[in-house]
S.K.: 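Below is a structure I'd like to ask you about.
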There are 2 protein chains.
Amino acid sequence: MAETLTTTALTLKDIARQAGVSLATVDRVLHNRPGVRPDTVRRVKEAIERNSFQPHVAAAELARGRARRFAFVMPSGPNPFMQQIQDYLGEMSGWLSARRLGVETVATDVFDPSVLAASLEGLSDGYDGIAVVALDHPGVRAAIDDLVDAGAKVVTLVSDVPSSRRHHYVGIDNIAAGRTAGALVGRLVGQKSGKVAIVAGSQGLRDHAERIFGFNQVMASEFPGLSVLPVLEGRDEDARSEQLLSRLLGRHADIVGLYNVGAGTQGVANALSDAGRDKQVVFVGHDVTALTRRLLLQGVMHAAISQNPGHEARAAVRVLLALARGEPILREQEKIRIDIVMRDNLP
Amino acid sequence: MAETLTTTALTLKDIARQAGVSLATVDRVLHNRPGVRPDTVRRVKEAIERNSFQPHVAAAELARGRARRFAFVMPSGPNPFMQQIQDYLGEMSGWLSARRLGVETVATDVFDPSVLAASLEGLSDGYDGIAVVALDHPGVRAAIDDLVDAGAKVVTLVSDVPSSRRHHYVGIDNIAAGRTAGALVGRLVGQKSGKVAIVAGSQGLRDHAERIFGFNQVMASEFPGLSVLPVLEGRDEDARSEQLLSRLLGRHADIVGLYNVGAGTQGVANALSDAGRDKQVVFVGHDVTALTRRLLLQGVMHAAISQNPGHEARAAVRVLLALARGEPILREQEKIRIDIVMRDNLP
DNA sequence: GGTGTTTTGAGGTACGCAACTCATTTTGAG
DNA sequence: CTCAAAATGAGTTGCGTACCTCAAAACACC
């Protein structure tokens, strides 16, 4: 009736006794210190394995005695999503200080590769871990690899640099996000056929390009009745997005769906309402902000694809901590899900 | 450019010095031990406040030196969702043993109030915390309150007993879940009008009743073209669900939507395909299991409302641990979201 | 001023591990 | 067999807190 999952109460001393060696030797094996015969290493590891021994994290943390410092390298400028991540980091301050973790944010122009790379370069001394919203660029990749070589733990946040040697990526699969947006637009449009518009920041941004790719994939294969118009590049600016979309709406009376890939949401909404076609055009966008929340409640926006900023903030900290401690990462826990948010499941 | 969130490195000794008292007195204040003059208490608390001092959790945990034991009281019987929660608990074993936490599952008939209450009664000695999938019944409520009185920390899991004095509920808002299901069915059906069927386990189950309530709310207020048929009670059994639904499909040719509130999913799917109306009827259900995953991929099921079992397992453990340690709970982190899962964002 | 009570200080021990030193034993090469 | 190198044992210290004891000081009351 009762099934026990864990009953460990062993200490290093027990392992030493079982392996027939001293505490010092166990310590050497556990921390890969030199000076132990291969055969002895094996015996110790077997004893650890046999008892599925885990060092007590609290004791280890206390003995190590070093406060850890993490840096979060974030875009300067008023990006609401990034601001939310920082807000959630602030909410963790009690949790952090109880663990003697220092977290600092470094604002920088992440869109300029050389500036970003320069910001990263200085960080390896002084920080045990770095989370960075990274642009995928050779210079940035080199800077990340340098940090890793210098012994720092590095995770990319929101936007990945897969070719680098970063230890982990905390963020969503943007192709899947685009596919999800496509499926939503297609199914919410229903039987009707017509045209679908896409407004993006820029196709040069990796995450935007991937989302568009996924979106087109689904539209092409599953919704033959819908034809996708060329992508409008609004640079994530309201004014420009509004202008471009207004013109497009004027030219095409049969637009039934709209995918807003990045920011500039207010501009997109304005264009729709100026044309008197809000609530008629199925409108799917990204992220839950004060604005998208209002648009969802009003029925102007039909769904938002969202990555939970609180989860991303906490996952980044937890992953950096686990990496620094040499603990395993709970991949399932740290995986960022693609949330579909509609009016009734607004968080 | 760099903003620091935390820089604590103070210890109790520093607080003692600042307050002009000894370590022993600080300790007395911190743990509400008697024998300290009110004025002195104030001075110490001020020093703690002034430095926003937090005891080092690792040190506290080590000094306390007690291994903690938690019990998970789960339904016996082959419920795939509950099984997933237990699987995820198993995946945490490393994490748990590194913190000297023992987690045991207790299988019981949670649908029989007296049996459940009896199972709970014995648990207060031996366990520091209890997570329970609870039926909302006076006897169960009393048992929970007894546990709380005996000093144990109690969280309800998946299904709540709001009238009890449980410390926390880990699960979703089922009314909102039902509303979400309603919005999905309504919007995915599109322009068409017709009838909508509901298959539930039983309307006597609190979570099912709440979901139906939310569903009906949305249907009534937003989709006047759709009329909801009386609820079929399939008792979460495949055979019964199939039989009831088959009969209903036979009688109503104009069913365009279907909401499956609980389990019995295979039966529901069979009824649809036997009638040759799968993929035509918009089918929304709950939870991501091997079966619903397949049905989503096949296009038979259009969307699943899901509560992440891994998240629930981990949140329950974390909440119990925080409660036992007297740490604050990160509410945002422990809140279970209502996930909308479609084919393209399948986790 | 003496009594009894309350409050405070001082100090110790323990928790489990990391990190280190130094002495001793074992091993392998010549 | 000898000797240096390698491997191992034994031990210490410290991390920051919890929890405990005992003595000293401060206080209240008559």
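As the structure is a prediction and not an experimental result, all values here were calculated from the model. Values below: all heavy atoms of this structure, side chains included; hydrogens, waters and symmetry mates excluded. Letters A, B, ... mirror the listed sequences (proteins, then strands); counts begin at 1.
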S.K.: Distance check needed: C:dC15 P versus B:Arg100 CZ, whole Å only.
M.R.: 13 Å

S.K.: Let me know, please, whether B:Arg64 or A:Ala63 comes out on the 5' side of the other along DNA chain D by nearest nucleotide.
M.R.: A:Ala63

S.K.: Could you state the atom-to-atom distance from CZ of A:Arg66 to P of C:dC17 in whole Å?
M.R.: 19 Å

S.K.: Both distances under 3.5 Å, Watson-Crick or G-U wobble: report the partner of D:dC15, or none.
M.R.: C:dG16

S.K.: Rounded to the nearest Å, what distance is computed from the CD atom of residue B:Gln54 to the P atom of nucleotide D:dT17?
M.R.: 11 Å

S.K.: Is a side-chain N or O of A:Arg99 found less than 3.5 angstrom from the main chain of A:Trp95, in a donor-acceptor match?
M.R.: yes

S.K.: Under 4.5 Å between any side-chain heavy atoms of B:Val57 and A:Glu61, yes or no?
M.R.: no

S.K.: Hey, does the side chain of A:His31 come within less than 4.0 Å of C:dA18's phosphate (OP1/OP2), counting only N and O?
M.R.: yes

S.K.: Just how far, in rounded Å, is C1' of D:dG16 from CD of B:Glu61?
M.R.: 13 Å

S.K.: Are any of the side-chain heavy atoms of B:His168 and B:Arg331 separated by less than 4.5 Å?
M.R.: yes

S.K.: Roughly how far, to the nearest 0.5 Å, is the CG atom of B:Leu123 from the CG atom of B:Asp128?
M.R.: 11.0 Å

S.K.: Between B:Glu312 and B:Tyr88, does a side chain to side chain donor-acceptor pair (under 3.5 Å) hold up when you go through it step by step?
M.R.: CA-CA 9 Å; B:Glu312 298 208 329; B:Tyr88 283 114; over 6 Å; no

S.K.: Given atom CG of B:Asp27 and atom C1' of C:dA14, what is their separation to the nearest angstrom?
M.R.: 14 Å

S.K.: Without decimals, in angstroms, what is the distance between A:Asp39 CG and D:dT8 C1'?
M.R.: 13 Å

S.K.: Do A:Val140 and A:Asp136 come close enough that some side-chain heavy atom pair is under 4.5 Å?
M.R.: no

S.K.: Just the rounded figure in Å: distance from P of D:dT17 to CZ of A:Arg99.
M.R.: 14 Å

S.K.: Would A:Glu327 and A:Lys153 satisfy salt bridge (Lys or Arg N to Asp or Glu O under 4.0 Å), going step by step from the backbone distance to the final call?
M.R.: CA-CA 13 Å; A:Glu327 280 190 297; A:Lys153 307 299 180 187; over 6 Å; no

S.K.: So if I take residues 12-19 of chain B and measure heavy-atom distances to DNA chain C, which residues fall below 4.0 Å?
M.R.: none

S.K.: Whole-Å distance between C:dC15 P and A:His56 NE2?
M.R.: 13 Å

S.K.: Among the nucleotides D:dA18, D:dT17, C:dG16, which one has an atom lying closest to any side-chain atom of A:Ala59?
M.R.: C:dG16

S.K.: Step by step, would you call B:Asp14 with B:Asn51 a side chain to side chain contact (heavy atoms under 4.5 Å, CB included)?
M.R.: CA-CA 10 Å; B:Asp14 302 307; B:Asn51 300 286; over 6 Å; no

S.K.: Using side-chain heavy atoms (C-beta onward) and a distance below 4.5 Å, is B:Leu330 in contact with B:Arg318?
M.R.: no

S.K.: Would you mind building the protein contact string for nucleotides 6-12 of chain C? One character per nucleotide, 5' to 3', B for base within reach (heavy atoms under 4.0 Å), S for sugar-phosphate only, - for untouched.
M.R.: -SBBB--

